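See below for the structure under consideration.
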Amino acid sequence: MSESGFGFDTLKVRGGYDPREHNFAVSVPIYQTASFELGDTDRVERLLRFNEDGYLYSRMGNPTVTVLEKRVAALDGGTAAIAVASGMAAITYTLFSVAERGGRILTTPHLYGGTVDSFKRIYPQFGVGIDQVTDPNDPEAFRRGITPETRAIFIESISNPNATLLDIQQIAAVAHENGIPLIVDNTFATPYLLNPLKHGADIVVYSATKALGGHGNVIGGVIVEGGTFDWANGKFPQFTEPHFLLRDDAGVERSFLELAPQSPFTLRVRLTYLIYFGAVLSPFDAYLLLQGIETLSERVQKQVATAEKIVRYLESQQGVAWVSHPAAQGSPYRSLAEKYFPKGAGSTFTFGFNGSGAQLETFINSVRLFSYQANVGDSRSLIINPPKTTHGELTPEELLFAAIPPETIRLSLGLEEPNDLIADLEQAFATALKRGGITHGNQKEQ
Ligand SMILES: *Cc1c(COP(=O)(O)O)cnc(C)c1O
(Lines give C-alpha, C1' and ligand atoms only; values in the text may rest on other atoms or scores of the structure.)
Protein backbone atom coordinates (compact mmCIF):
# COMPACT_ATOMS: atom_id res chain seq x y z
CA MET A 1 0.00 0.00 0.00
CA SER A 2 1.39 3.39 -0.95
CA GLU A 3 1.47 5.59 2.11
CA SER A 4 1.62 8.95 0.43
CA GLY A 5 -1.37 11.19 0.84
CA PHE A 6 -3.21 9.25 3.53
CA GLY A 7 -4.34 11.03 6.68
CA PHE A 8 -3.39 10.12 10.22
CA ASP A 9 -6.47 8.03 10.97
CA THR A 10 -6.01 5.94 7.84
CA LEU A 11 -2.34 5.36 8.58
CA LYS A 12 -3.00 4.35 12.18
CA VAL A 13 -5.10 1.35 11.07
CA ARG A 14 -3.38 0.51 7.78
CA GLY A 15 0.08 2.10 7.65
CA GLY A 16 3.07 -0.14 7.04
CA TYR A 17 1.00 -3.19 6.17
CA ASP A 18 0.02 -4.78 2.86
CA PRO A 19 -2.19 -7.88 3.38
CA ARG A 20 -1.09 -9.23 -0.02
CA GLU A 21 2.38 -9.74 1.42
CA HIS A 22 0.98 -11.76 4.34
CA ASN A 23 -1.45 -14.33 2.86
CA PHE A 24 -4.17 -11.62 2.79
CA ALA A 25 -4.46 -11.70 6.58
CA VAL A 26 -6.66 -8.81 7.71
CA SER A 27 -5.04 -8.54 11.14
CA VAL A 28 -1.24 -8.26 11.20
CA PRO A 29 0.08 -11.82 11.77
CA ILE A 30 2.27 -12.55 14.78
CA TYR A 31 5.47 -14.06 13.37
CA GLN A 32 6.29 -15.99 16.52
CA THR A 33 9.62 -17.31 15.34
CA ALA A 34 13.18 -16.85 16.58
CA SER A 35 14.81 -17.51 13.26
CA PHE A 36 14.09 -17.66 9.52
CA GLU A 37 14.99 -20.19 6.86
CA LEU A 38 17.92 -18.85 4.90
CA GLY A 39 16.92 -20.57 1.64
CA ASP A 40 20.29 -21.22 0.08
CA THR A 41 23.87 -20.02 0.49
CA ASP A 42 23.55 -17.46 -2.31
CA ARG A 43 20.51 -15.93 -0.67
CA VAL A 44 22.21 -15.59 2.71
CA GLU A 45 25.08 -13.76 0.97
CA ARG A 46 22.59 -11.35 -0.59
CA LEU A 47 20.89 -10.77 2.77
CA LEU A 48 24.18 -10.16 4.58
CA ARG A 49 25.39 -7.74 1.88
CA PHE A 50 22.06 -5.83 1.97
CA ASN A 51 21.33 -6.75 -1.65
CA GLU A 52 18.02 -8.34 -0.68
CA ASP A 53 15.47 -7.43 2.02
CA GLY A 54 14.65 -10.31 4.29
CA TYR A 55 14.84 -11.73 7.77
CA LEU A 56 17.54 -13.84 9.41
CA TYR A 57 16.93 -13.81 13.13
CA SER A 58 14.31 -11.98 15.24
CA ARG A 59 16.88 -10.02 17.24
CA MET A 60 17.76 -8.17 13.99
CA GLY A 61 14.24 -7.85 12.64
CA ASN A 62 10.86 -9.58 12.54
CA PRO A 63 7.96 -8.98 10.12
CA THR A 64 5.40 -8.18 12.86
CA VAL A 65 7.82 -5.71 14.45
CA THR A 66 8.54 -4.21 11.00
CA VAL A 67 4.86 -3.33 10.55
CA LEU A 68 4.89 -1.50 13.89
CA GLU A 69 8.06 0.37 12.90
CA LYS A 70 6.66 1.43 9.55
CA ARG A 71 3.35 2.45 11.09
CA VAL A 72 4.86 4.67 13.77
CA ALA A 73 7.28 6.19 11.22
CA ALA A 74 4.27 7.01 9.01
CA LEU A 75 2.31 8.56 11.90
CA ASP A 76 5.22 10.84 12.76
CA GLY A 77 6.27 11.65 9.20
CA GLY A 78 9.68 10.01 9.70
CA THR A 79 11.81 8.17 7.15
CA ALA A 80 12.24 5.10 9.40
CA ALA A 81 11.68 3.79 12.90
CA ILE A 82 13.03 1.04 15.09
CA ALA A 83 11.07 -0.70 17.84
CA VAL A 84 12.81 -1.85 21.02
CA ALA A 85 11.84 -3.58 24.25
CA SER A 86 11.04 -0.48 26.35
CA GLY A 87 10.96 3.29 26.43
CA MET A 88 14.16 3.25 28.49
CA ALA A 89 15.91 1.19 25.79
CA ALA A 90 14.67 3.69 23.16
CA ILE A 91 16.13 6.62 25.13
CA THR A 92 19.42 4.93 26.06
CA TYR A 93 20.10 3.53 22.60
CA THR A 94 19.32 6.89 21.02
CA LEU A 95 21.42 9.00 23.36
CA PHE A 96 24.36 6.59 23.43
CA SER A 97 24.25 6.48 19.62
CA VAL A 98 24.95 10.21 19.41
CA ALA A 99 27.17 10.66 22.51
CA GLU A 100 28.95 7.30 22.79
CA ARG A 101 32.51 8.62 22.41
CA GLY A 102 32.67 10.85 25.45
CA GLY A 103 29.93 13.21 24.32
CA ARG A 104 27.48 15.17 26.42
CA ILE A 105 23.69 15.54 26.29
CA LEU A 106 22.03 18.87 27.10
CA THR A 107 18.63 18.48 28.74
CA THR A 108 16.13 20.00 31.19
CA PRO A 109 15.08 19.22 34.76
CA HIS A 110 11.59 18.24 33.51
CA LEU A 111 11.97 14.55 32.73
CA TYR A 112 10.63 11.10 33.53
CA GLY A 113 12.14 9.78 36.81
CA GLY A 114 13.86 6.78 35.21
CA THR A 115 15.52 9.12 32.72
CA VAL A 116 16.73 11.41 35.53
CA ASP A 117 18.11 8.48 37.55
CA SER A 118 19.94 6.96 34.59
CA PHE A 119 21.35 10.36 33.55
CA LYS A 120 22.68 10.93 37.03
CA ARG A 121 23.92 7.49 38.00
CA ILE A 122 24.40 5.32 34.90
CA TYR A 123 25.37 7.49 31.92
CA PRO A 124 28.48 8.98 33.59
CA GLN A 125 29.77 5.43 34.15
CA PHE A 126 29.69 4.98 30.38
CA GLY A 127 31.49 8.26 29.75
CA VAL A 128 28.39 10.15 28.60
CA GLY A 129 27.96 13.48 30.39
CA ILE A 130 24.67 15.21 31.13
CA ASP A 131 24.12 18.97 31.39
CA GLN A 132 20.84 20.51 32.48
CA VAL A 133 19.59 23.99 31.64
CA THR A 134 18.23 25.71 34.73
CA ASP A 135 15.47 27.59 32.88
CA PRO A 136 14.01 25.44 30.10
CA ASN A 137 11.48 28.21 29.32
CA ASP A 138 14.33 30.31 27.93
CA PRO A 139 15.69 29.04 24.56
CA GLU A 140 18.82 31.16 25.20
CA ALA A 141 19.55 28.93 28.20
CA PHE A 142 19.99 26.04 25.76
CA ARG A 143 22.41 28.08 23.66
CA ARG A 144 24.46 28.89 26.77
CA GLY A 145 24.42 25.24 27.87
CA ILE A 146 26.10 23.84 24.76
CA THR A 147 29.76 22.77 25.05
CA PRO A 148 32.15 21.50 22.34
CA GLU A 149 31.30 17.94 23.52
CA THR A 150 27.50 18.36 23.38
CA ARG A 151 26.09 15.86 20.88
CA ALA A 152 22.33 16.41 21.26
CA ILE A 153 19.61 18.33 23.04
CA PHE A 154 17.06 16.03 24.69
CA ILE A 155 13.63 17.24 25.84
CA GLU A 156 10.16 15.89 26.63
CA SER A 157 7.49 17.54 24.48
CA ILE A 158 4.96 17.32 27.35
CA SER A 159 6.97 16.65 30.49
CA ASN A 160 6.46 13.91 33.04
CA PRO A 161 4.87 14.53 35.52
CA ASN A 162 3.92 18.25 35.37
CA ALA A 163 2.89 18.54 31.69
CA THR A 164 5.20 21.52 31.08
CA LEU A 165 5.82 22.59 27.47
CA LEU A 166 8.78 24.02 25.55
CA ASP A 167 9.26 26.05 22.39
CA ILE A 168 10.41 23.14 20.26
CA GLN A 169 11.09 25.19 17.10
CA GLN A 170 13.37 27.60 18.91
CA ILE A 171 15.24 24.81 20.68
CA ALA A 172 15.62 22.96 17.35
CA ALA A 173 17.11 26.12 15.86
CA VAL A 174 19.68 26.32 18.68
CA ALA A 175 20.57 22.63 18.17
CA HIS A 176 21.01 23.04 14.42
CA GLU A 177 23.11 26.21 14.74
CA ASN A 178 25.47 24.02 16.75
CA GLY A 179 25.41 21.04 14.38
CA ILE A 180 23.65 18.71 16.80
CA PRO A 181 20.24 17.00 16.65
CA LEU A 182 17.18 17.73 18.78
CA ILE A 183 15.83 14.50 20.29
CA VAL A 184 12.29 14.59 21.68
CA ASP A 185 10.62 12.15 24.07
CA ASN A 186 7.07 12.44 22.72
CA THR A 187 5.54 9.80 25.02
CA PHE A 188 2.90 11.99 26.70
CA ALA A 189 1.89 13.75 23.47
CA THR A 190 1.76 10.73 21.12
CA PRO A 191 2.00 11.35 17.35
CA TYR A 192 -1.70 12.20 17.42
CA LEU A 193 -1.22 15.41 19.44
CA LEU A 194 2.24 16.38 18.14
CA ASN A 195 4.69 15.46 15.40
CA PRO A 196 7.98 16.87 16.70
CA LEU A 197 9.75 16.20 13.36
CA LYS A 198 7.45 18.75 11.72
CA HIS A 199 8.69 21.36 14.21
CA GLY A 200 12.38 20.76 13.60
CA ALA A 201 13.17 17.79 15.83
CA ASP A 202 15.48 15.18 14.30
CA ILE A 203 14.68 12.09 16.34
CA VAL A 204 11.60 11.15 18.35
CA VAL A 205 11.49 8.50 21.05
CA TYR A 206 8.51 6.84 22.69
CA SER A 207 7.71 4.73 25.63
CA ALA A 208 5.14 2.76 23.61
CA THR A 209 4.10 1.25 26.94
CA LYS A 210 2.05 4.37 27.57
CA ALA A 211 -0.54 5.90 25.25
CA LEU A 212 0.67 4.29 22.00
CA GLY A 213 -0.22 0.84 23.33
CA GLY A 214 -2.81 2.46 25.54
CA HIS A 215 -4.08 -0.59 27.42
CA GLY A 216 -1.49 -1.14 30.13
CA ASN A 217 -0.58 -4.58 28.81
CA VAL A 218 2.84 -4.27 27.18
CA ILE A 219 6.28 -2.68 27.67
CA GLY A 220 7.84 -1.29 24.49
CA GLY A 221 9.70 1.61 22.91
CA VAL A 222 10.09 3.19 19.48
CA ILE A 223 12.71 5.50 17.91
CA VAL A 224 11.73 7.51 14.81
CA GLU A 225 14.17 9.45 12.61
CA GLY A 226 13.37 12.45 10.46
CA GLY A 227 15.97 11.75 7.77
CA THR A 228 17.15 15.35 7.35
CA PHE A 229 19.90 15.78 9.95
CA ASP A 230 23.44 16.16 8.52
CA TRP A 231 25.37 13.35 10.22
CA ALA A 232 28.37 14.12 8.00
CA ASN A 233 29.08 17.50 9.64
CA GLY A 234 32.19 16.15 11.39
CA LYS A 235 30.73 15.67 14.86
CA PHE A 236 29.44 12.15 14.25
CA PRO A 237 32.15 9.98 12.65
CA GLN A 238 30.24 6.86 13.70
CA PHE A 239 27.90 7.49 10.76
CA THR A 240 30.57 8.18 8.13
CA GLU A 241 33.24 5.63 9.04
CA PRO A 242 33.33 2.22 7.33
CA HIS A 243 31.56 -0.39 9.44
CA PHE A 244 32.43 -4.09 9.61
CA LEU A 245 28.83 -5.28 9.12
CA LEU A 246 28.33 -3.20 5.99
CA ARG A 247 30.68 -4.96 3.55
CA ASP A 248 29.68 -4.91 -0.10
CA ASP A 249 30.09 -7.73 -2.64
CA ALA A 250 33.78 -6.91 -3.00
CA GLY A 251 34.23 -7.06 0.78
CA VAL A 252 34.66 -3.27 1.09
CA GLU A 253 33.19 -1.77 4.26
CA ARG A 254 30.67 1.03 3.82
CA SER A 255 29.32 3.62 6.27
CA PHE A 256 25.79 3.84 7.63
CA LEU A 257 25.31 7.08 5.74
CA GLU A 258 26.41 5.48 2.45
CA LEU A 259 24.20 2.44 2.83
CA ALA A 260 21.10 4.25 4.17
CA PRO A 261 21.25 7.98 3.41
CA GLN A 262 17.61 8.44 4.46
CA SER A 263 17.76 6.33 7.61
CA PRO A 264 21.34 6.00 8.90
CA PHE A 265 20.34 6.56 12.52
CA THR A 266 17.83 3.74 12.95
CA LEU A 267 19.92 1.36 10.84
CA ARG A 268 22.89 2.04 13.10
CA VAL A 269 20.80 1.53 16.26
CA ARG A 270 19.70 -1.81 14.80
CA LEU A 271 23.15 -3.02 13.78
CA THR A 272 24.96 -1.87 16.92
CA TYR A 273 22.75 -1.42 19.96
CA LEU A 274 19.84 -3.71 19.11
CA ILE A 275 21.74 -6.71 17.85
CA TYR A 276 24.58 -6.54 20.38
CA PHE A 277 22.92 -5.11 23.49
CA GLY A 278 19.74 -6.96 22.63
CA ALA A 279 16.67 -5.15 24.05
CA VAL A 280 14.48 -6.57 21.31
CA LEU A 281 10.68 -6.21 21.15
CA SER A 282 8.82 -9.51 20.83
CA PRO A 283 6.47 -10.09 17.89
CA PHE A 284 3.53 -10.56 20.27
CA ASP A 285 4.24 -7.27 22.01
CA ALA A 286 4.51 -5.55 18.62
CA TYR A 287 1.10 -7.00 17.78
CA LEU A 288 -0.41 -5.61 21.01
CA LEU A 289 1.06 -2.18 20.24
CA LEU A 290 -0.34 -2.27 16.69
CA GLN A 291 -3.74 -3.15 18.10
CA GLY A 292 -3.52 -0.22 20.51
CA ILE A 293 -2.45 2.24 17.82
CA GLU A 294 -5.57 1.44 15.77
CA THR A 295 -7.63 3.49 18.26
CA LEU A 296 -5.00 6.07 19.20
CA SER A 297 -6.91 9.15 17.99
CA GLU A 298 -10.23 8.09 19.50
CA ARG A 299 -8.66 7.31 22.87
CA VAL A 300 -6.49 10.40 23.08
CA GLN A 301 -9.34 12.71 22.00
CA LYS A 302 -11.54 11.41 24.79
CA GLN A 303 -8.72 11.42 27.35
CA VAL A 304 -7.81 15.03 26.56
CA ALA A 305 -11.46 16.11 26.88
CA THR A 306 -11.74 14.28 30.21
CA ALA A 307 -8.47 15.84 31.41
CA GLU A 308 -9.83 19.32 30.72
CA LYS A 309 -13.01 18.51 32.71
CA ILE A 310 -10.96 17.19 35.62
CA VAL A 311 -8.71 20.27 35.52
CA ARG A 312 -11.82 22.48 35.84
CA TYR A 313 -13.12 20.32 38.70
CA LEU A 314 -9.80 20.40 40.58
CA GLU A 315 -9.53 24.17 40.19
CA SER A 316 -12.79 24.49 42.14
CA GLN A 317 -11.62 22.38 45.06
CA GLN A 318 -10.37 23.64 48.41
CA GLY A 319 -8.31 20.49 48.72
CA VAL A 320 -6.24 21.56 45.69
CA ALA A 321 -3.37 24.07 46.01
CA TRP A 322 -2.47 24.23 42.31
CA VAL A 323 -3.07 22.43 39.01
CA SER A 324 -0.22 21.92 36.53
CA HIS A 325 -1.74 21.37 33.07
CA PRO A 326 -1.49 23.77 30.12
CA ALA A 327 -5.31 24.10 30.19
CA ALA A 328 -5.28 25.27 33.83
CA GLN A 329 -6.13 28.89 34.58
CA GLY A 330 -3.00 31.00 34.72
CA SER A 331 -0.81 28.24 33.27
CA PRO A 332 2.39 29.76 31.87
CA TYR A 333 2.13 27.29 28.98
CA ARG A 334 -1.15 28.47 27.42
CA SER A 335 0.40 30.17 24.41
CA LEU A 336 2.79 27.26 23.74
CA ALA A 337 -0.23 24.95 24.00
CA GLU A 338 -2.07 27.03 21.39
CA LYS A 339 0.95 26.92 19.09
CA TYR A 340 1.89 23.25 19.41
CA PHE A 341 -1.13 21.45 20.85
CA PRO A 342 -4.34 22.62 19.15
CA LYS A 343 -5.88 19.18 19.83
CA GLY A 344 -5.08 19.35 23.55
CA ALA A 345 -1.96 19.11 25.70
CA GLY A 346 -2.33 15.58 26.99
CA SER A 347 -4.17 13.81 29.74
CA THR A 348 -1.43 13.22 32.32
CA PHE A 349 -0.70 16.08 34.69
CA THR A 350 -0.28 17.00 38.35
CA PHE A 351 -1.98 18.92 41.10
CA GLY A 352 -0.88 20.00 44.54
CA PHE A 353 -2.79 18.42 47.39
CA ASN A 354 -3.75 21.12 49.88
CA GLY A 355 -3.42 19.28 53.16
CA SER A 356 -0.98 17.42 55.36
CA GLY A 357 1.19 14.55 54.21
CA ALA A 358 -1.02 12.15 56.17
CA GLN A 359 -4.13 13.55 54.49
CA LEU A 360 -2.49 13.16 51.09
CA GLU A 361 -1.89 9.50 51.86
CA THR A 362 -5.49 9.08 53.03
CA PHE A 363 -6.63 10.71 49.77
CA ILE A 364 -4.64 8.23 47.65
CA ASN A 365 -5.79 5.32 49.79
CA SER A 366 -9.42 6.45 49.45
CA VAL A 367 -9.83 6.54 45.67
CA ARG A 368 -11.80 3.55 44.40
CA LEU A 369 -11.90 4.04 40.66
CA PHE A 370 -8.46 5.55 40.00
CA SER A 371 -5.79 2.82 40.12
CA TYR A 372 -2.73 3.52 42.23
CA GLN A 373 0.13 2.54 39.92
CA ALA A 374 3.30 3.75 38.20
CA ASN A 375 2.02 3.92 34.65
CA VAL A 376 0.32 6.48 32.40
CA GLY A 377 -1.64 6.49 29.15
CA ASP A 378 -3.75 3.47 30.11
CA SER A 379 -7.43 3.08 29.20
CA ARG A 380 -8.02 3.14 32.97
CA SER A 381 -7.46 6.28 35.05
CA LEU A 382 -4.39 6.19 37.27
CA ILE A 383 -3.15 8.13 40.26
CA ILE A 384 0.25 8.31 41.96
CA ASN A 385 2.36 10.45 44.32
CA PRO A 386 5.54 11.04 42.22
CA PRO A 387 7.83 12.37 45.00
CA LYS A 388 7.63 8.99 46.76
CA THR A 389 7.42 6.70 43.71
CA THR A 390 8.23 7.54 40.07
CA HIS A 391 10.58 10.36 41.11
CA GLY A 392 11.46 8.83 44.50
CA GLU A 393 15.21 8.66 43.76
CA LEU A 394 15.52 12.43 43.39
CA THR A 395 17.00 14.34 46.35
CA PRO A 396 14.78 17.01 47.97
CA GLU A 397 16.79 19.69 46.09
CA GLU A 398 16.35 17.87 42.77
CA LEU A 399 12.62 17.50 43.41
CA LEU A 400 12.41 21.25 43.96
CA PHE A 401 14.51 21.91 40.82
CA ALA A 402 12.15 19.62 38.86
CA ALA A 403 9.11 21.42 40.38
CA ILE A 404 7.81 18.28 42.11
CA PRO A 405 7.09 19.44 45.67
CA PRO A 406 5.95 16.91 48.31
CA GLU A 407 2.23 17.69 47.79
CA THR A 408 2.36 16.62 44.10
CA ILE A 409 -0.22 14.08 42.88
CA ARG A 410 -0.18 12.87 39.26
CA LEU A 411 -3.31 11.80 37.39
CA SER A 412 -3.45 9.94 34.06
CA LEU A 413 -6.97 10.02 32.69
CA GLY A 414 -8.44 6.94 31.07
CA LEU A 415 -11.62 6.20 29.19
CA GLU A 416 -14.15 5.98 32.04
CA GLU A 417 -17.15 8.31 32.42
CA PRO A 418 -15.72 11.67 33.52
CA ASN A 419 -18.52 12.08 36.05
CA ASP A 420 -17.60 8.80 37.72
CA LEU A 421 -14.00 9.98 37.98
CA ILE A 422 -15.07 13.30 39.50
CA ALA A 423 -17.33 11.50 41.99
CA ASP A 424 -14.39 9.30 42.96
CA LEU A 425 -12.10 12.29 43.58
CA GLU A 426 -14.94 14.03 45.46
CA GLN A 427 -15.40 11.19 47.95
CA ALA A 428 -11.62 10.82 48.39
CA PHE A 429 -11.24 14.56 49.15
CA ALA A 430 -14.12 14.31 51.64
CA THR A 431 -12.52 11.34 53.40
CA ALA A 432 -9.02 12.82 53.44
CA LEU A 433 -9.96 16.30 54.55
CA LYS A 434 -12.60 15.56 57.16
CA ARG A 435 -9.99 14.54 59.70
CA GLY A 436 -8.17 17.65 60.90
CA GLY A 437 -10.19 19.92 58.58
CA ILE A 438 -8.81 21.71 55.55
CA THR A 439 -5.43 23.37 55.92
CA HIS A 440 -4.83 26.48 53.91
CA GLY A 441 -1.65 27.16 51.95
CA ASN A 442 0.85 24.57 50.83
CA GLN A 443 1.73 22.55 53.86
CA LYS A 444 4.97 20.97 52.71
CA GLU A 445 6.15 18.96 55.68
CA GLN A 446 5.32 15.25 55.39
C1 LIG B 1 7.46 5.65 31.07
C2 LIG B 1 8.30 6.64 30.40
C3 LIG B 1 9.56 6.28 29.90
C4 LIG B 1 10.13 4.88 30.10
O5 LIG B 1 9.42 3.96 29.32
P6 LIG B 1 9.35 2.37 29.65
O7 LIG B 1 8.54 1.84 28.53
O8 LIG B 1 8.70 2.25 31.00
O9 LIG B 1 10.75 1.87 29.66
C10 LIG B 1 10.28 7.24 29.24
N11 LIG B 1 9.82 8.48 29.08
C12 LIG B 1 8.63 8.89 29.55
C13 LIG B 1 8.16 10.29 29.33
C14 LIG B 1 7.83 7.97 30.24
O15 LIG B 1 6.64 8.36 30.72
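A quick note: this is a predicted structure, and the numbers were derived from the prediction, not measured. Start at 1 and go down the list; that is how both ligands and their atoms are numbered. Residues take their numbers from the sequence shown, with the count starting at 1.
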Exercise for the section: Might you work through the side-chain contact (heavy atoms from CB on, under 4.5 Å) test for H22 and V28, ending with a clear yes or no? Expected result: CA-CA 8 Å; H22 301 270; V28 177; over 6 Å; no
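For the pair M88 and ligand 1, the shortest N or O to N or O distance falls below 3.5 Å. The N/O atoms of T115, backbone and side chain alike, include none that comes under 3.5 Å of an N/O atom in ligand 1. Below 3.5 Å of separation, one finds an N or O of S207 facing an N or O of ligand 1.
For F36 and Y57, the distance between ring centers is not under 6.0 angstrom. Between F265 and W231, the ring centre distance stays below 6.0 Å. For an aromatic pair to be called close, the ring centres must be under 6.0 Å apart, and F96 with F277 fails this.
Within the 4.0 Å heavy-atom shell around ligand 1 one does not find V205. Residue contact check for ligand 1: G377 places no non-hydrogen atom closer than 4.0 Å to it.
Among S412, G87, G221, the residue whose heavy atom lies nearest to atom 6 (P) of ligand 1 is G87.
For L111, no heavy-atom contact with ligand 1 is shorter than 4.0 Å.
Each of R104, R151, R144 was checked for a salt bridge (charged side-chain N to carboxylate O under 4.0 Å, His left out) with D131, and the lone residue meeting it is R104.
Listed by number with element, the atoms of ligand 1 under 4.0 angstrom from any heavy atom of E156 are 13 (C). Applying the 4.0 Å criterion to heavy atoms of F188 picks out, from ligand 1, the atoms 15 (O). Atoms of ligand 1 found under 4.0 Å from any heavy atom of G220 (numbered from 1 in listed order, with element): 7 (O).
At the top of the distance list for atom 11 (N) of ligand 1, counting protein heavy atoms only, stands D185 OD2, 2.7 Å. At the shortest separation from atom 7 (O) of ligand 1 among protein heavy atoms lies T209 OG1, 2.6 Å. What sits closest to atom 4 (C) of ligand 1 on the protein, heavy atoms only, is Y112 CE2, 3.5 Å. Distance from atom 2 (C) of ligand 1 to its nearest protein heavy atom, with residue and atom name: K210 NZ, 2.4 Å.
Few gaps surround CZ on F401; more than 12 heavy atoms of other groups in view lie less than 6.0 Å from it.
Relative to the six-membered ring of F6, R14 misses at least one condition, a distance below 6.0 Å or an angle of at most 45° to the axis. Note that K70 lies outside the cation-pi zone of Y17, set by a 6.0 Å cut-off to the ring centre and a 45° limit from the axis.
Salt-bridge check for D167 with K339: passed, with a basic side-chain N closer than 4.0 Å to an acidic carboxylate O.
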